[in-house]
Amino acid sequence: MASIQIVLPDNSIKEFDHEPTVLEVAQSIGPRLAKDTLGGIVNDQHSEVVDLRTQLKDGDHLKIVTLKDEESLEVIRHSAAHVMAQAVQELWPEVKVTIGPVIENGFYYDFDSPRAFTPEDLQQIEKKMEEILRRNEVVEREVWPVDQAVATFEKMGERFKVEIIKDLAREEGVKEVSVYRQGQWFDLCRGPHVQSLGQIKAVKVMSLAGSYWRGDEKNPQLQRVYATAFNDKKDLAEHLHNLEEAKKRDHRKLGKDLNLFTFHPLSPGGPFFTPKGTVIYNELQNFLREKYGKYGYQEVITPQLFDVDLYHQSGHYENYRENMYFSQIDERDFSFKPMNCPGHCLLYSADKKSYRDLPWRIADFGRLHRHERSGVMHGLNRVRTFCQDDAHIFCRVDQLQGEIESFMSMLREIYKQLNMQDYRVYLSTRPEKRMGSDQIWDQAEGALKMALEALKIPYQVNKGDGAFYGPKLDIMFVDVLKRPWQLGTLQCDFNMPEAFELAYVSEDNQEERPVMLHRAILGSFERFIGVYLEHTAGHLPTWLSPVQVRVLNLTDRQNDYCAQLLQQLQEAGLRAEWDDRREKLGFKIRQAQMEKVPYMLVVGDREMEEKKVTIRLRSGQSLEARDFGVFLQAVRQEVLLRQFNSEIT
RNA sequence: GCCCAUGUGGCUCAGGGGUAGAGCACACCCUUGGUAAGGGUGAGGUCGUGAGUUCGAGUCUCACCAUGGGCUCCA
């Protein structure tokens with residue numbers, strides 16, 4: 001018999017007289033390894049883990065996955081999802097199962113239950129899961145013909161499973177399906193799964209939520225139980241700790257604690273920025289204005305309210321009405337603008353444009369209103385009124401690449417200055433349903449690609465994910481907690497210029513249609529402030545801090561000196577305060593710390609006599625006393641240059 | 001919009017049928033204090049809104065409003 005060779009990561013070869021499973025290979029290496037085996041990675045395919053019961057072929061490269069490997073989490077969690085489903089059905093046999101996939105930090109299972117689960121039920125589920133894990137049952141894989149599977153699940157009343165199997169048979173022509181059995185309980189599943197349930201060391205049921213069968217509102221509503229599983233108790237504890245940390249830097253909490261913004265029931269989704277929050281808002285706007293100057297943009301102001309006819313022309317009424325606010329005045333229908341582009345098109349055609357006017361880059365900090373569905377609002381991240389750092393560029397097709405490059409450079413510059421170094425770029429290309437000729441799409445997609453390549457910016461292609469009116473770039477910012485946020489975007493638009501019959505006169509005196517680029521870097525000020533607060537945990541750079549310097553006196557003997565300092569700080573354009581309350585230094589420091597004031601100037605008799613200040617940073621570090629003028633210069637410089645980190649040490 | 005949870009002074013929360021509590025913040029007084037809370041006194045709430053049950057409702061029931069977790073992850 002021909003021998004079957006399996007290649008291990010160190011390039012050693014194991015030989016078999018038949019096609020072995022992953023587990024058999026592990027057994028051939030050693031019993032300890034076999035015991036710990038959770039799956040395998042075959043031929044290094046995107047580190048996708050296959051079931052340990054998978055049969056290997058001659059010449060396969062195999063990496064055995066054990067508890068020690070990151071990849072094992074997927075297997076553990078997948079099996080833990082089955083354990084949860086089993087636990088729920090042991091507790092409430094009438095509950096039907098649907099699906100239970102692994103997600104980013106855990107897994108969930110969607111149940112069809114006649115009774116809504118309660119928070120107490122979650123604890124019960126967790127207890128039952130632990131009980132099942134202790135039984136340490138062996139997990140077995142069985143392969144059933146479709147007919148048998150349908151009949152079995154039908155008899156059990158598991159209608160969702162039946163639907164899944166029938167769909168698989170119909171859409172993918174599947175003839176048989178795999179079933180995993182643990183003791184009496186079994187579930188239809190592709191795998192991979194553990195050898196025995198005792199290999200799952202740490203589980204935690206997290207939360208409860210509503211969901212819909214196959215994610216569609218029209219389908220029956222299911223109950224989703226979120227949970228997670230880890231390789232050991234320590235990792236689980238660490239994960240829970242990280243969640244606590246994320247909670248601490250939740251922008252809604254910081255917004256309250258730092259007194260930056262608030263909400264009122266009379267304007268759901270309508271944030272109020274306090275004086276302090278408004279400082280951040282305006283500073284960001286000024287920051288962008290400075291960049292606009294550098295990159296050749298002109299700022300414009302356009303109306304808030306438009307006759308609905310505008311939105312018929314732009315197509316928003318037909319496609320976006322659900323999200324718009326309307327108002328009738330003098331028997332005429334108006335709508336609040338949900339975006340700036342239609343207004344900008346009107347402004348574009350207010351006068352005759354020549355090719356010499358292009359590219360025409362106009363920026364607008366106009367307020368937008370979008371009627372988001374009531375259940376989707378979330379702090380500053382999703383609101384109903386907001387302001388984008390929006391701009392539109394009208395240009396010729398052959399100018400596209402240059403404009404895209406310029407945009408990406410500007411984005412890179414801004415993100416770098418804000419210490420947002422980690423971001424990903426996605427290029428979405430033509431969808432099935434689209435407008436415009438293939439030639440225009442070729443040009444636009446080509447321009448996007450060439451611009452990214454010219455700047456050596458790595459990107460991923462989302463094939464077919466573009467808008468019907470043009471391809472786009474989406475920029476996902478990844479924050480310090482590794483969470484992605486979509487902030488920046490650049491979209492090519494062939495539709496709007498068409499709808500508004502925009503034109504320019506070319507060199508040879510022909511009327512030509514410009515291309516329109518929609519672009520934003522921060523997204524919206526609202527969302528950006530939310531994201532940035534979480535990214536920095538509220539430790540905003542000095543130039544964005546509502547209070548930049550606070551003077552703290554020890555006794556009222558220093559009052560005159562402190563008043564002088566305050567005046568000089570304010571005259572230098574800094575946002576400075578003097579805490580002149582008759583409180584102890586420790587108390588004043590505590591307060592300034594909690595407000596995350598970047599610089600605390602401690603002034604006692606010593607400082608006063610030597611005309612110095614002692615600086616305390618919000619990091620807790622205390623610096624030695626120095627000349628006030630030197631400090632003032634340094635802070636001014638830091639603010640002027642909008643530095644992220646303090647140079648004062 | 002849908003499912004579940006929550007809503008008590010500015011903030012964080014306790015109280016679960018007999019008519020409102022704490023800490024912080026706030027005001028005043030004492031304390032002049034060297035790097036994250038000195039002490040005292042006081043003011044402040046028709047307990048999200050509306051209806052119902054009850055002799056009596058923050059407390060139980062229902063409706064509404066708002067907020068929070070989700071509704072994208074597909075055997």
Side-chain angles (χ1 to χ4, degrees), chain A residues 78 81-82 85 97-111 113 115-122 149 153 158 160-169 172 174 177-180 187-191 193 206-226 247 250 252-253 256-257 259 262-269 322 371-379 552-559 581-595 600-607 614-618 620-623 625:
Chain A
H78 211 146
H82 278 207
V97 293
T98 69
I99 56 164
V102 174
I103 54 173
E104 182 137 6
N105 287 307
F107 60 91
Y108 67 76
Y109 211 110
D110 280 347
F111 297 101
S113 166
R115 187 184 62 90
F117 293 141
T118 66
E120 292 74 53
D121 291 344
L122 294 190
F153 285 106
E158 296 287 5
F160 296 98
K161 291 289 175 192
V162 173
E163 194 180 320
I164 292 165
I165 301 165
K166 284 184 173 168
D167 281 358
L168 278 172
E172 293 172 35
V174 169
V177 295
S178 57
V179 167
Y180 283 78
D187 192 9
L188 174 78
C189 189
R190 178 175 47 190
H193 284 288
M206 303 296 294
S207 61
L208 197 57
S211 66
Y212 297 94
W213 171 237
R214 302 202 151 155
D216 189 335
E217 292 182 20
K218 292 181 207 82
N219 286 335
Q221 180 132 27
L222 305 171
Q223 297 198 58
R224 177 169 299 179
V225 181
Y226 283 92
K247 237 178 172 172
D250 185 317
R252 291 165 300 186
K253 180 171 158 48
K256 219 176 245 179
D257 292 349
N259 191 15
T262 183
F263 289 89
H264 194 280
L266 292 179
S267 181
E322 302 282 289
H371 183 263
E372 298 291 349
R373 297 194 302 170
S374 64
V376 304
M377 259 102 67
H378 179 92
L552 311 174
N553 60 314
L554 234 25
T555 75
D556 39 9
R557 284 195 298 280
Q558 297 93 38
N559 278 4
R581 291 173 305 176
R582 294 180 58 182
E583 295 286 355
K584 284 192 165 178
L585 181 63
F587 182 83
K588 294 182 181 184
I589 287 191
R590 176 181 152 80
Q591 190 125 358
Q593 274 306 144
M594 290 195 306
E595 289 174 41
M600 291 160 255
L601 301 186
V602 176
V603 177
D605 288 337
R606 287 207 296 271
E607 286 80 4
T614 298
I615 303 158
R616 182 189 160 107
L617 306 176
R618 63 187 160 187
Q621 200 186 350
S622 192
L623 308 177

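Keep in mind the model is a prediction, meaning the values are calculated, not measured. Computation of the quantities below employed the complete heavy-atom set of this structure, encompassing side-chain atoms and omitting hydrogens, waters and symmetry-equivalent molecules. A note on names: the letters A, B, ... follow the listed sequences, proteins ahead of strands, and every chain is numbered from 1.
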Tell me what [X] touches on the nucleic acid: a base, only sugar-phosphate, or nothing, going by heavy atoms under 4.0 Å.
{"X": "A:G269", "value": "sugar-phosphate"}
{"X": "A:E607", "value": "base"}
{"X": "A:D605", "value": "base"}

(message) Holding to ring pair (Phe, Tyr, Trp, His ring centres under 6.0 Å), I want the full list of residues that pass it with A:F160, two or more places apart in sequence or in another chain.
(response) A:W213
(request) Tell me which of A:L266 and A:V602 sits closer to the 5' end of RNA chain B, going by the nucleotide each one is nearest to. (result) A:V602
(message) Using heavy-atom distances to pick each residue's nearest nucleotide on RNA chain B, tell me which of A:S374 and A:T614 is more 5'.
(response) A:S374
How far does the [atom1] atom of [N] sit from the matching atom of [M], given to the nearest Å?
{"N": "B:rG58", "M": "B:rA36", "atom1": "P", "value": "46 Å"}
{"N": "B:rG9", "M": "B:rG21", "atom1": "P", "value": "15 Å"}
{"N": "B:rG52", "M": "B:rG39", "atom1": "P", "value": "50 Å"}
{"N": "B:rC62", "M": "B:rG10", "atom1": "C1'", "value": "32 Å"}
{"N": "B:rG33", "M": "B:rG42", "atom1": "C1'", "value": "25 Å"}
{"N": "B:rC28", "M": "B:rC2", "atom1": "P", "value": "50 Å"}
{"N": "B:rA25", "M": "B:rG68", "atom1": "C1'", "value": "25 Å"}
{"N": "B:rC4", "M": "B:rC11", "atom1": "C1'", "value": "27 Å"}

(message) Give me syn or anti for B:rG16, where syn covers glycosidic angles within 90 degrees of 0.
(response) syn
(message) With syn defined as a glycosidic angle within 90° of 0 and anti as the rest, where does B:rG69 land?
(response) anti
(message) I'd like to know if A:E372 reaches the base of B:rG1 with its side chain such that a donor and an acceptor end up less than 3.5 angstrom apart.
(response) no
(message) Within the 4.0 Å limit for protein heavy atoms, which parts of nucleotides 68-75 of chain B are touched? Write it as a string from 5' to 3', B for base, S for sugar-phosphate only, - for none.
(response) SBBBSBBB
(message) Does B:rC26 have its OP1 or OP2 closer than 4.0 Å to a side-chain nitrogen or oxygen of A:R581?
(response) yes
Looking only at non-hydrogen atoms, find the nearest pair between [X] and [Y] and report the distance.
{"X": "A:A81", "Y": "A:G100", "value": "CB-O, 3.6 Å"}
{"X": "A:L554", "Y": "A:L585", "value": "CD1-CB, 3.5 Å"}
{"X": "A:S113", "Y": "A:Q223", "value": "CB-NE2, 3.8 Å"}
{"X": "A:K588", "Y": "A:L552", "value": "CB-CD2, 3.9 Å"}

(request) Apply side chain to side chain contact (heavy atoms under 4.5 Å, CB included) to A:R214 and list each qualifying residue two or more places apart in sequence or on a separate chain. (result) A:E163, A:I164, A:D167, A:N219
(request) Under the side chain to side chain contact (heavy atoms under 4.5 Å, CB included) rule, collect the residues that match up with A:A85, sequence neighbours excluded. (result) A:V97, A:Y109, A:F111, A:W185
What's the separation between atom [atom1] in [X] and atom [atom2] in [Y], rounded to the nearest 0.5 Å?
{"X": "A:I615", "Y": "A:L623", "atom1": "CD1", "atom2": "CG", "result": "5.5 Å"}
{"X": "A:Y212", "Y": "A:D110", "atom1": "OH", "atom2": "CG", "result": "12.0 Å"}
{"X": "A:I165", "Y": "A:E158", "atom1": "CD1", "atom2": "CD", "result": "10.0 Å"}
{"X": "A:I99", "Y": "A:K161", "atom1": "CD1", "atom2": "NZ", "result": "8.0 Å"}

Protein-nucleotides 22-24 of chain B N/O pairs under 3.5 Å:
none

(request) Would you please name every residue forming a salt bridge (charged side-chain N to carboxylate O under 4.0 Å, His left out) with A:R581, sequence neighbours left out? (result) A:D579
According to side chain to side chain donor-acceptor pair (under 3.5 Å), who are the partners of [X], at least two apart in sequence or on a separate chain?
{"X": "A:K253", "result": "A:D257"}
{"X": "A:Q621", "result": "none"}
{"X": "A:R115", "result": "A:D121"}

Can you tell me how far [atom2] of [N] sits from [atom1] of [X], to the nearest Å?
{"X": "A:N219", "N": "B:rC3", "atom1": "CG", "atom2": "P", "value": "16 Å"}
{"X": "A:L601", "N": "B:rG34", "atom1": "CG", "atom2": "P", "value": "19 Å"}
{"X": "A:R557", "N": "B:rG34", "atom1": "CZ", "atom2": "P", "value": "10 Å"}

Got a list of protein N/O to nucleotides 48-50 of chain B N/O distances below 3.5 Å?
none

(message) Let's test your reading of the pairing rules: Watson-Crick or G-U wobble, both distances under 3.5 Å, then write RNA chain B as a dot-bracket string with ( ), [ ], | and dots.
(response) ((((((((.[[[[.)..(..]]]].(((((.......))))).....[[[[[..)....]]]]])))))))....
Could you list the protein-to-nucleotides 10-15 of chain B atom pairs, N/O on both sides, closer than 3.5 Å?
{"residue": "B:rU12", "atom": "OP1", "partner": "A:K256", "partner atom": "NZ", "Å": "3.1"}

